[in-house]
Amino acid sequence: MSRVLVAGIGNLFRRDDGFGPEVVRRLLASGGLPEDVRAVDYGIRGMHLAYDLLDGYETLVLVDAVPGEPPGKVRVLEVRDGDLGPGRLDPHGMAPVAVLAGVRDLGGRLPRTYVVGCHPADVEDGIGLSDPVEAAVPEAVAVLRTFLAAPVGQGAG
């Protein structure tokens with residue numbers, strides 16, 4: 001049985017940076033996840049995510065705000081080990097590249113990794129998603145459900 005970790009990451013106190021946690025919250029609230037899938041709102045707890053990845057997950061799906069235009073556009077990206085440079089793991093923050101690179105430093109291996117991302121409109125201080133990013137949340141949940149229903153590694157496209 002494959003094991004999949006869906007990780008919502010981002011800071012909900014920085015408007016659209018809270019996209020990942022909100023998507024994971026709604027995914028969990030809608031229920032019906034496959035038994036081999038664990039979904040967690042990591043927020044900005046990068047060290048927690050790095051240590052959880054040592055548990056031998058075969059696939060990681062990060063849900064996060066990603067740079068780009070237009071605001072509210074949902075994208076699926078695959079992250080390969082070669083995409084990661086050196087990163088310094090900050091025990092008090094969430095820098096995804098540093099977290100993923102830090103897994104190797106902790107003696108683990110990077111699982112097959114994807115990002116379900118959304119282009120933000122506003123990452124300034126504040127609570128609540130902008131209208132275009134709020135409208136993208138149901139789409140991201142649907143993308144995750146489709147991805148999780150496919151055989152491991154076949155869900156990105």
Side-chain angles (χ1 to χ4, degrees), residues 2-68 71-79 84 87-103 106 108 110-150 152 155-156:
S2 65
R3 295 183 60 222
V4 178
L5 177 61
V6 177
I9 59 175
N11 186 341
L12 62 91
F13 296 110
R14 301 216 32 146
R15 303 274 314 189
D16 291 342
D17 196 45
F19 171 77
E22 180 61 17
V23 170
V24 167
R25 184 187 71 75
R26 291 197 201 172
L27 179 70
L28 289 168
S30 64
L33 288 179
E35 65 182 46
D36 62 336
V37 174
R38 179 175 175 225
V40 178
D41 168 9
Y42 285 95
I44 58 171
R45 297 170 302 156
M47 190 66 112
H48 186 176
L49 172 58
Y51 277 110
D52 280 356
L53 286 172
L54 297 178
D55 286 342
Y57 288 95
E58 291 182 28
T59 304
L60 168 65
V61 183
L62 298 171
V63 185
D64 195 9
V66 297
K73 179 173 175 55
V74 174
R75 300 181 62 198
V76 179
L77 309 165
E78 183 172 4
V79 178
L84 303 176
R88 186 172 159 266
L89 190 56
D90 177 0
H92 305 291
M94 174 62 81
V97 170
V99 170
L100 298 178
V103 170
L106 294 170
L110 182 66
R112 180 171 285 154
T113 301
Y114 299 93
V115 177
V116 174
C118 180
H119 299 176
D122 181 359
V123 290
E124 297 298 318
D125 289 346
I127 297 175
L129 301 175
S130 66
D131 290 341
V133 173
E134 175 70 34
V137 171
E139 178 186 352
V141 170
V143 165
L144 280 167
R145 291 232 174 253
T146 299
F147 183 92
L148 295 172
V152 173

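Counting from 1, the numbers follow the sequence of the chain as shown. From a predicted model like this one, the values you see are computed outputs, not experimental measurements.
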Heavy-atom pair of closest approach, residues [X] and [Y]:
| X | Y | answer |
| --- | --- | --- |
| L60 | P111 | CB-CG, 3.8 Å |
| F19 | A65 | CD2-N, 4.2 Å |
| P34 | L148 | CG-O, 4.3 Å |
| G72 | A136 | O-CB, 3.2 Å |
| P138 | A135 | CD-O, 3.4 Å |
| D122 | R15 | O-CB, 3.1 Å |

Under the salt bridge (charged side-chain N to carboxylate O under 4.0 Å, His left out) test, residues paired with D52 that sit two or more places apart: R38

I'd like to know whether V116 forms a side chain to side chain contact (heavy atoms under 4.5 Å, CB included) with V74, so could you lay out the CA-CA distance, the side-chain angles of the two residues, the decisive distance to 0.1 Å, and finally the verdict. CA-CA 7 Å; V116 174; V74 174; 4.2 Å; yes

Does D41 use its side chain to pair, donor to acceptor, with the backbone of G43 at less than 3.5 Å? yes

Say whether, by atom type as modelled, one donor and one acceptor occur between the side chain of N11 and the main chain of D17 under 3.5 angstrom. no

Could you tell me if the side chain of D55 sits less than 4.5 Å from the side chain of R3, heavy atoms only? yes

Side-chain heavy-atom pair F147, V61 within 4.5 angstrom cut-off: yes

Rounded distance (nearest 0.5 Å) linking atom [atom1] of [X] with atom [atom2] of [Y]:
| X | Y | atom1 | atom2 | answer |
| --- | --- | --- | --- | --- |
| R112 | E78 | CZ | CD | 6.5 Å |
| R145 | L33 | CZ | CG | 5.0 Å |
| D64 | Y42 | CG | OH | 14.0 Å |

Side-chain donor-acceptor contacts of residues 124-134 below 3.5 Å, not counting sequence neighbours, with atom names and distances?
| residue | atom | partner | partner atom | Å |
| --- | --- | --- | --- | --- |
| S130 | OG | D16 | OD1 | 3.1 |
| S130 | OG | D16 | OD2 | 2.8 |
| E134 | OE2 | R26 | NH2 | 2.4 |

Only residue of L144, V63, T59, V4 satisfying side-chain contact (heavy atoms from CB on, under 4.5 Å) with Y114 is T59

Apply the side-chain contact (heavy atoms from CB on, under 4.5 Å) test between L62 and each candidate in L77, L49, L5, V6; give the one that qualifies. L49

